[in-house]
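Here is the structure we will look at.
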Amino acid sequence: MAEKQHLYLVDGSAYIFRAYHRLPPLTNPEGTPVGAVYGYTTMLWKLAQDLDAADGPTHLAVVLDKSSHSFRNDIYDQYKANRPDPPEDLRPQFPLIRDATRAFSLPLVEEPDVEADDMIASYALAAQRAGWDVTIVSSDKDLMQLVSEKDGARIDMLDTMKDARIFIPEVEEKFGVPPHLLGDVLALMGDSVDNIPGIYGVGPKTASKLIAENGSLTAALDAAPDMKKSKLKERLLEGREMAELSRVLVKLRCDCPLPIAIDDMKLAGIPPEPLAQFLETHGFNSLLKRLEAGAGSPGRTTNLDPAKADMQGAPASAAGNAQPLPEMPPVDLSAYECVQTMERLEHWIARAADARLVAVDTETSALDAISADLAGISLALGPNDACYIPLGHGGSDMFADTPQQVDRDAAIQALKPLLESDAVLKIGQNIKYDINILARHGITVAPVDDTMIMSFDLDAGRSMDGIGGGHGMDELSERHLGHTTLKFKDVCGTGKKAIPFGEVPLDKATPYAAEDADVTWRLHAHLAYRMPGEGGVRIYQRVDRPLIPVVAHMEREGIKVDRAELARLSETFAKEIARLEGEIHADAGTSFTIGSPKQLGEVLFDTLGYKGGKKGKSGQYSTDQSVLERLANDGAPIANKVLEYRQLSKLKSTYTDALQEAINTRTGRVHTSYSLVGAQTGRLSSTDPNLQNIPIRTEIGRQIRKAFVPEDGNVLLAADYSQIELRLAAHMADVDTLTEAFAAGEDIHARTAREMYGEVTRDTRAQAKTINFAILYGISRWGLAGRLGVEADEAQAMIDTYFQRFPGIQKYIVRTLETVRERGYSETLFGRKTWFPRINSKNQAERQGSERAAINAPIQGTSADIIKRAMVRMLPALQEAGLGNVRMLLQVHDELVFELPQTDIAAASPVIERVMADAALPSVTLDVPLGIEIGTGASWDDAH
DNA sequence: GAAATCACG
DNA sequence: GACGTACGTGATTTCC
């Protein structure tokens, strides 16, 4: 029997309207707007690429509206009458949609006097009659009428923007009736966009209820006279005629003549040449590169990673698309405007809306986004085309005049539509900060691009000659623009004499603030230009960019800590510290600063004369934990006391004291700040305070975790990836023994012990665990020897055994190092690069250090990618499950912490588990399952 | 501001 | 023949 045919019908006209509103204002090299065309092209690409997929197309055609007039206008002259003209910069894109379709060599259907919907209906039913499956690529609710299954041939829909399949249950869920009754519902409720009247006062809810109860529109209208007296009854009686007219209007014509036979819509390989030409003409360089990389057409090539078409999360940004690099004149600080009236503000807002790409920077009174006050906002629309809008300036001198400025709340109301518009891309340097500042003024800034993160995704780990390897704006400006920015300290001063930005006079504030926005705009142009050619698009668009609002939101949530509990602990610790101090001084026979490693070393090794003091390169004795533990074993009672003293001082100063200070006075919670560019591997880092290193390993430290608590009625839920890095190592090195052990849910360290030593005892398991971790970090015989307390050759023998037992691991290490040496960077499964500029260094220590980091980076980085993907999907998944009260508070590398009502635990746990376990999909299918461990409780400690 | 130490994954 | 030994972070303290 022949394979089943599957026809995809693309509703091209509807798509470009949606693409237009979701995509940034890209232009081709000639300056013609092509944002929507780009979106359309990527969609076709993705569809064509699914040619060999299980449910992919065997046949494909695009259907477009030919003219604005159709037979429906003859029936009802008001049909679609109140539709506004398409936006100015969309109009030139309509003909380009045809060009794009032809470039893919796809059949195109355009018929006069009927709408695209009618042609789609006619084709869909014809194909279904022939026994084919049909997928309509659209999200138009009218087309949902066609969803059906007949003799095993199904018609379904695909919304490529939401990546959602719509079949009968989805229609029923949305409208409360099966698809064949949908036309009746639509007729009753009407449609303001198409100007279909329906019945006045009847919306989707009432309409679907009436149809569901009566079985059809006619029956519903017939039943009206018998209804008990109500507003609805009157409306049904009065509106009968309009409803019947509407029923005709929403009915799809299924009998249009078919200009192209369905058999001729066969999707074969797509000739690359016309497509390449089209992509080149419009500057779609990222797609062009892919086409070339695939050495063929999207419909045929197997080189394309499905992840690249995995459009989850982010609306497109300018980064990664066609971006010619504009000419940029030198920065001119005198070119900036200080916006002091509503008229000028409106002018800038209008221009920004027109430009559809604006660099934004907020100036505030402090560095902490959760409590800092807004001092002003700067905007940039191009090089030297920038302004500063002071909103909270006034001298500290009470007698000085407050400078003229727009009323803050009025300005915020005026800026809100711009900053929230889907059609305007907001770019910022660390825009998470600005998002959080503006969130407190009721503005949800979106969509965004972030130059700091773009830089990180291109250049993580790279150090640039003399300029440094960071991603701060001043550094980026030096590196990419050769421009030295004004420094904050030159404007606000430094140290004690520093003044808040709101007290800086406007003639000094304006050049500083506007320059930041100008430089951000310029950096964005540079980085967006580099993105596609240097492989930054995938990780930026799929992982890091969609994460920005998610992390911003977590920071705003914060977590509650029990201040009284911390204070109690501080006091207990203080007493204990004082006692130990006395004893240590007595043991030493002298009073000294225990917290000074220098003095402590001298006391231990000179005054008291203990053996084994080793000085480092600074000429100082080492007194760290391992040294003190050794001394304690050799019978030095003072050593244990110092260790205990150290532990308590650490806990008190870093945690119990500092966390009390960190409680925000406004929210009563602790708000950390996450850096998305903090760790070279792609991990997040947490500062002010660091909530990623709260004690857990010792009993006394865990008391601090007990102070992290939910609000009354809630619980904390902690969800951990179990052994994720070892699982990823097993997958990436392709070690069957380990992947099978993980699949079987075995204790992986025990399994390693069995493989290496033939038996599992407490000892061999512990050794195997150490070796497993050593592998992840790039092993050396000395390092392992030190950890295990054995000689180096014994450690070497274990390493040899390990590699013999798991040859895949050794191959992975060799392979990874080879590619890093050759290309200069490592890569995660999701395409995140980390650069190792010293991998070929002549300095052995430097080189070996880089090698160890390079072995670890793909594993640690892939783990980071996975949890980031889980975070991006988490709240939408919970929302969809009706769990809007679940709050995601913290991320600790392989753990997510949530706060939720006690009553939601049972429903939320499986959703959280599923999102985390499936986070690699669909981009990457792992050979190992990702195990998730979930706990709940009345504190963070209890949740473990 | 660097160095030493130690909290976490 | 010396190097200096596990990957990735951030906060605190002391001392120069």
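Below, chain A is the first sequence line, B the second, and so on; all start at residue 1. These numbers come from the heavy atoms of this one structure, side chains and all, not from hydrogens, waters or symmetry mates.
The pair A/D793-A/R781 does not meet the salt-bridge criterion, since no charged nitrogen lies less than 4.0 angstrom from a carboxylate oxygen. Looking at A/E557 and A/R669, no side-chain N of the basic residue comes within less than 4.0 Å of a carboxylate O on the acidic one, giving no salt bridge. With salt bridges taken as basic N to acidic carboxylate O contacts below 4.0 Å, none links A/R815 and A/E818. Remark: A/E899 does not engage A/K560 in a salt bridge, criterion side-chain N to carboxylate O under 4.0 Å. Salt-bridge check for A/E827 with A/R538: failed, with every basic side-chain N at 4.0 Å or more from each acidic carboxylate O.
Base contact: A/S780 has a heavy atom under 4.0 Å from a base atom. Using a 4.0 Å heavy-atom cutoff across all strands shown, A/R683 reaches at least one base atom of the nucleic acid. Contact annotation for A/T770: base contact, defined as any heavy-atom pair under 4.0 Å involving a base atom. Nucleic acid contact for A/E725: none, since no nucleic acid atom lies under 4.0 Å from a heavy atom of the residue. Using a 4.0 Å heavy-atom distance criterion, A/S863 is classed as making no nucleic acid contact. Using a 4.0 Å heavy-atom cutoff across all strands shown, A/I696 reaches sugar-phosphate atoms only and no base atom. Within 4.0 Å (heavy atoms only), A/N693 reaches at least one base atom of the nucleic acid. Using a 4.0 Å heavy-atom distance criterion, A/D688 is classed as a sugar-phosphate-only contact. Counting non-hydrogen atoms under 4.0 angstrom, A/L684 reaches nothing in the nucleic acid. Among the protein residues, A/S686 comes within range of the sugar-phosphate backbone only, with heavy atoms under 4.0 Å from sugar or phosphate atoms but none that close to a base.
With rounding to whole Å, A/Y777 atom OH is found 20 Å from C/dG4 atom C1'. The interatomic distance linking A/I594 (CD1) with B/dT5 (C1') rounds to 15 Å, in whole Å. The distance from atom CZ of A/R702 to atom P of B/dA7 is 14 Å, rounded to the nearest whole Å. Per the geometry, CD1 belonging to A/I855 stands 11 Å off P belonging to C/dG8, to the nearest Å. Atom C1' of nucleotide C/dG8 and atom CG of A/N690 are separated by 12 Å, given to the nearest angstrom. A/I771 places its CD1 atom 17 Å from the P atom of C/dC7, with the value rounded to the nearest Å. With rounding to whole Å, A/F592 atom CZ is found 16 Å from C/dC15 atom C1'. Between the CZ atom of A/R705 and the P atom of B/dC8 there is a distance of 8 Å, given to the nearest Å.
Between A/R787 and C/dA6 there is a side-chain polar atom (N or O) within less than 4.0 angstrom of OP1 or OP2. Using a 4.0 Å cut-off, some side-chain N or O of A/R697 falls inside it from OP1 or OP2 of B/dG9. Listed pair A/Q680 / C/dC7 fails the phosphate criterion, with no side-chain N or O lying under 4.0 Å from OP1 or OP2.
Considering only the side chain of A/A679, C/dT9 comes nearest among C/dC7, B/dC8, C/dT9. Of all nucleotides listed (C/dT5, B/dG9, B/dT5), B/dT5 comes nearest to the side chain of A/R646. For A/Q848, the side-chain atoms get nearest to C/dG4 when compared with the rest of C/dG4, C/dT5, C/dG8. For A/Q625, whose side chain is taken as the heavy atoms from C-beta onward, the closest listed nucleotide among C/dA6, B/dA7, C/dT5 is B/dA7. Counting only heavy atoms from C-beta on, A/P597 has its side chain closest to B/dT5 among C/dC15, B/dG9, B/dT5. Looking at the side chain of A/Q844, the nearest of the listed nucleotides B/dT5, C/dC3, C/dG10 is C/dC3.
Proximity of residues 565-583 of chain A to DNA chain C (heavy atom under 4.0 angstrom from any strand atom) is not detected for any residue. DNA chain B lies under 4.0 Å from at least one heavy atom of each of the following residues of residues 650-662 of chain A: A/K650, A/Y655.
Interatomic distance, A/S841 OG to A/Q848 CD, rounded to the nearest 0.5 Å: 10.5 Å. To the nearest 0.5 Å, atoms CG (A/L817) and CD1 (A/I855) are separated by 4.5 Å. Between A/E475 atom CD and A/S455 atom OG the span is 8.5 Å, to the nearest 0.5 Å.
Pair check for C/dC3 finds none; no Watson-Crick or G-U wobble contact set falls under 3.5 Å.
B/dT5 and C/dC3 are spaced 23 Å apart, taking the C1' atom of each and rounding to whole Å. Taking atom P on both nucleotides, C/dA6 is separated from B/dC6 by 15 Å, rounded to a whole Å.
Scored by the side-chain hydrogen bond (donor to acceptor under 3.5 Å, both in side chains) test, A/S863 finds no partners at all (sequence neighbours excluded).
Side chain of A/Q891 to backbone of A/H893: a donor-acceptor contact under 3.5 angstrom is found. Counting only distance, with no hydrogens or angles, the side chain of A/T752 and the backbone of A/A768 share no donor-acceptor pair below 3.5 Å.
Residues A/R556 and A/N436 bring a donor and an acceptor atom of their side chains to less than 3.5 Å of each other.
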